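Note that the structure is predicted; figures quoted are calculated from it, not measured. Just so it is clear: chains get the letters A, B, ... in the order the sequence lines come, proteins before strands, and each one is counted from 1.
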Protein chains: 2
Amino acid sequence: MTPPEPVETRTTTPAAGRSAQTATLAEIAREAGVSAPTVSKVLNGRADVAPATRSRVEELLRAHGYRRRRAEASRSPLIDLVFHELESAWALEVIRGVENVARGAGLSVVLSESAGRLTPGRTWADQVAARRPHGVILVLSGLDESQRALLTSRSIPFVVMDPAGDPGVDVPSIGATNWQGGLAATRHLIELGHTRIGAITGPSRMMCSRARVDGYRAALETAGLPVDPALIATGDFHHEAGYRQGLELLRRPDRPTAVFALNDLQALGLYEAARELGLRIPEDLSVVGFDDLPVARWVGPPLTSVRQPLTEMAEAAARLVLDLGREEAPVATRVELATSLVVRSSTAPPPA
Amino acid sequence: MTPPEPVETRTTTPAAGRSAQTATLAEIAREAGVSAPTVSKVLNGRADVAPATRSRVEELLRAHGYRRRRAEASRSPLIDLVFHELESAWALEVIRGVENVARGAGLSVVLSESAGRLTPGRTWADQVAARRPHGVILVLSGLDESQRALLTSRSIPFVVMDPAGDPGVDVPSIGATNWQGGLAATRHLIELGHTRIGAITGPSRMMCSRARVDGYRAALETAGLPVDPALIATGDFHHEAGYRQGLELLRRPDRPTAVFALNDLQALGLYEAARELGLRIPEDLSVVGFDDLPVARWVGPPLTSVRQPLTEMAEAAARLVLDLGREEAPVATRVELATSLVVRSSTAPPPA
């Protein structure tokens with residue numbers, strides 16, 4: 001796995017807003033009291049470096065803001081794609097988008113799952129440093145400070161797709177217009193005549209969920225309707241939460257006549273809750289999802305949903321990370337692709 | 001990407017049933033009229049070898065049945081996973097299984113799509129040879145003769161999951177008991193009292209489809225029911241085919257009262273066709289799927305389906321390929337995991 005040492009000892013142009021890089025690889029070696037090839041081994045993620053030496057070198061690399069020069073030739077023909085969790089057809093749409101761009105560029109895609117943690121583990125970062133991909137795409141997850149430093153020192157660019165947290169203005173990211181989508185979903189229900197409109201949210205630490213809820217609130221407020229906190233249930237974007245919170249909402253004496261489920265899987269859970277309670281969709285209950293996964297068209301009744309262009313978002317993320325690797329200044333490092341409401345048969349005027 | 005040359009010039013123990021390996025790397029070099037490092041470059045997938053030289057060397061490697069010795073240390077910590085096509089939640093279940101085993105072994109998964117071709121392209125095989133994964137898992141696809149030779153000469157083991165064609169007895173493979181599943185699905189419908197039972201098949205080149213259809217036929221024949229070719233429609237395992245062929249079947253004057261859809265996506269297409277024609281499931285039409293994807297539980301009515309343990313199959317495939325790489329003799333190189341019928345609400349006695 002370790003390539004012959006293409007030792008890069010020259011400094012790079014400092015990134016805008018960062019302090020200029022001050023040390024060469026040789027200087028870092030001197031300061032750490034090791035040889036230049038040892039520093040190079042650390043950079044290449046080789047295992048044959050003592051842990052103490054390694055952390056001393058990593059520390060100095062970070063302190064000096066060391067960046068390897070662009071080294072196209074020594075990169076592996078890979079793109080790393082990291083998921084928060086590999087669930088639902090959602091992930092598949094994203095994989096397909098990254099595959100499309102990777103294939104066109106002659107690259108293969110390495111897939112990892114951060115297994116529910118919102119930042120992938122330390123071992124992961126070491127593996128990435130060792131395999132030297134053209135770039136890293138993080139989906140619904142982020143990097144901690146030391147992981148960012150590690151990738152930056154190896155000049156491995158990264159892009160966050162649909163950031164879970166707040167990645168910071170200097171982190172390139174691709175998202176969708178979640179707020180607009182929440183607004184459009186809720187306005188559609190208001191225009192049909194609904195006034196008691198519930199919502200089942202995603203996890204509050206996910207910005208995409210917050211943005212959708214804020215869009216929902218904005219639609220109610222601008223229509224002069226009250227925002228009833230009792231009708232906003234906290235979910236987690238999984239089917240089970242839609243079912244469980246759906247039962248709660250629908251068992252209320254003043255139950256909502258419409259619910260914005262914030263994603264399609266929760267909408268399907270809500271379908272199940274409605275079936276169980278003998279409520280018909282859309283006659284007794286209108287439902288709007290978000291994502292517009294293929295399954296939205298297939299369920300009965302077909303689901304009205306806010307389409308999120310997941311494949312296109314993933315393609316944009318892959319193109320952006322490759323641009324960054326070529327040190328081409330991208331047009332923008334924060335892009336939101338438009339969402340659009342797709343009206344099907346799960347929404348109708350409220351029962352008289 | 002190219003590792004320092006860990007030149008392996010020794011012969012290997014010939015595999016059972018193969019002719020003994022006769023040539024060392026040095027002998028192949030001599031015969032090809034090139035240096036040993038050049039042969040080594042070809043084995044490592046390096047680009048800096050003239051195409052003519054390269055094909056001469058490949059030809060000799062193949063002719064001599066050359067096999068690199070096990071070279072654990074020089075392998076990349078990767079497993080290659082190749083899909084026929086990256087569609088439906090089906091693929092995700094498989095990815096998850098391979099990820100589970102890979103993570104436990106400290107490996108990452110490289111994902112490729114053969115993009116509808118049943119064997120991945122030549123470039124793909126070169127890329128695999130160059131990145132030297134611990135093994136390759138092919139899903140619903142196979143390898144041609146030269147690709148097999150290429151991987152074998154590099155001692156990169158491979159396993160086929162759910163073979164599309166007939167991979168040959170010496171190709172390690174993991175599947176499910178498709179025939180038993182087709183039998184169980186159809187017997188369930190017969191026991192409910194149905195006598196006119198249709199089927200929507202997958203592509204006839206896929207063995208899993210053939211096996212399911214044969215199980216369907218066997219159930220009818222052993223129950224003394226006629227097999228009516230007019231009730232067997234050819235599909236392709238996609239939603240659209242289930243819808244289109246479903247409309248055809250259900251518009252017949254002697255329409256079936258039950259349909260075995262051969263996979264869940266076609267069953268969902270059939271749901272749509274039934275809705276369009278105003279037929280209720282299960283009152284007017286019983287439907288059985290195959291795969292038992294998560295969506296089977298979520299649709300209305302929840303779908304009776306033959307569960308295929310996709311994640312477990314993928315885990316078994318990953319473990320098998322790693323065993324082969326360690327040159328541990330696996331218990332068996334053709335394993336079929338059991339399917340089981342999951343009865344939900346889409347099946348009922350036929351209308352009176």
Enquirer: Is the closest side-chain donor-acceptor distance between A:Ser76 and B:Arg131 under 3.5 Å?
Expert: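 The criterion, which ignores hydrogens and geometry beyond distance, is not satisfied for B:Arg131 and A:Ser76.
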Enquirer: Using heavy-atom distances under 4.5 Å, tell me whether A:Val109 contacts chain B through its side chain, its backbone, both, or neither.
Expert: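 Both parts, backbone and side chain.
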Enquirer: Give the interface residues of residues 297-305 of chain A toward chain B, defined by a heavy-atom separation under 4.5 Å.
Expert: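 Checking residues 297-305 of chain A against chain B gives A:Arg297, A:Trp298, A:Val299, A:Gly300, A:Pro302.
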Enquirer: Just verifying a value: how many Å separate A:Trp90 CH2 and B:Leu92 CG, rounded to the nearest 0.5 Å?
Expert: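 That separation rounds to 11.5 Å.
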Enquirer: Quick one: which of A:Ser108, A:Ala89, A:Gly106 has the most heavy-atom pairs under 4.5 Å with chain B, could you say?
Expert: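 Heavy-atom pair counts peak at A:Ser108.
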Enquirer: Report yes if the side chains of A:Leu111 and B:Val110 come closer than 4.5 Å at any heavy-atom pair, otherwise no.
Expert: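 Contact flag for A:Leu111/B:Val110 side chains = no.
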Enquirer: Looking at CG of A:Leu107 and CD of B:Gln127, how far apart are the two atoms once the value is rounded to the nearest 0.5 Å?
Expert: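 The CG atom of A:Leu107 sits 8.0 Å away from the CD atom of B:Gln127.
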Enquirer: Using a cut-off of under 4.5 Å on heavy-atom pairs, state which of A:Ala91, A:Ala102, A:Ser112 scores highest against chain B.
Expert: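 Looking at each option in turn, the highest pair count goes to A:Ser112.
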Enquirer: Quick check: do A:Pro294 and B:His239 have side-chain heavy atoms less than 4.5 Å from each other?
Expert: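 No, too far: nothing below the 4.5 Å cut-off.
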Enquirer: Which atoms form the tightest heavy-atom contact between A:Glu99 and B:Leu86, and what is the distance?
Expert: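 So the two residues come closest at CG-CD1, 3.8 Å.
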Enquirer: By number, which residues in residues 265-277 of chain A have some heavy atom less than 4.5 Å away from chain B?
Expert: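 The stretch touches chain B at A:Leu265, A:Leu268, A:Glu272, A:Arg275.
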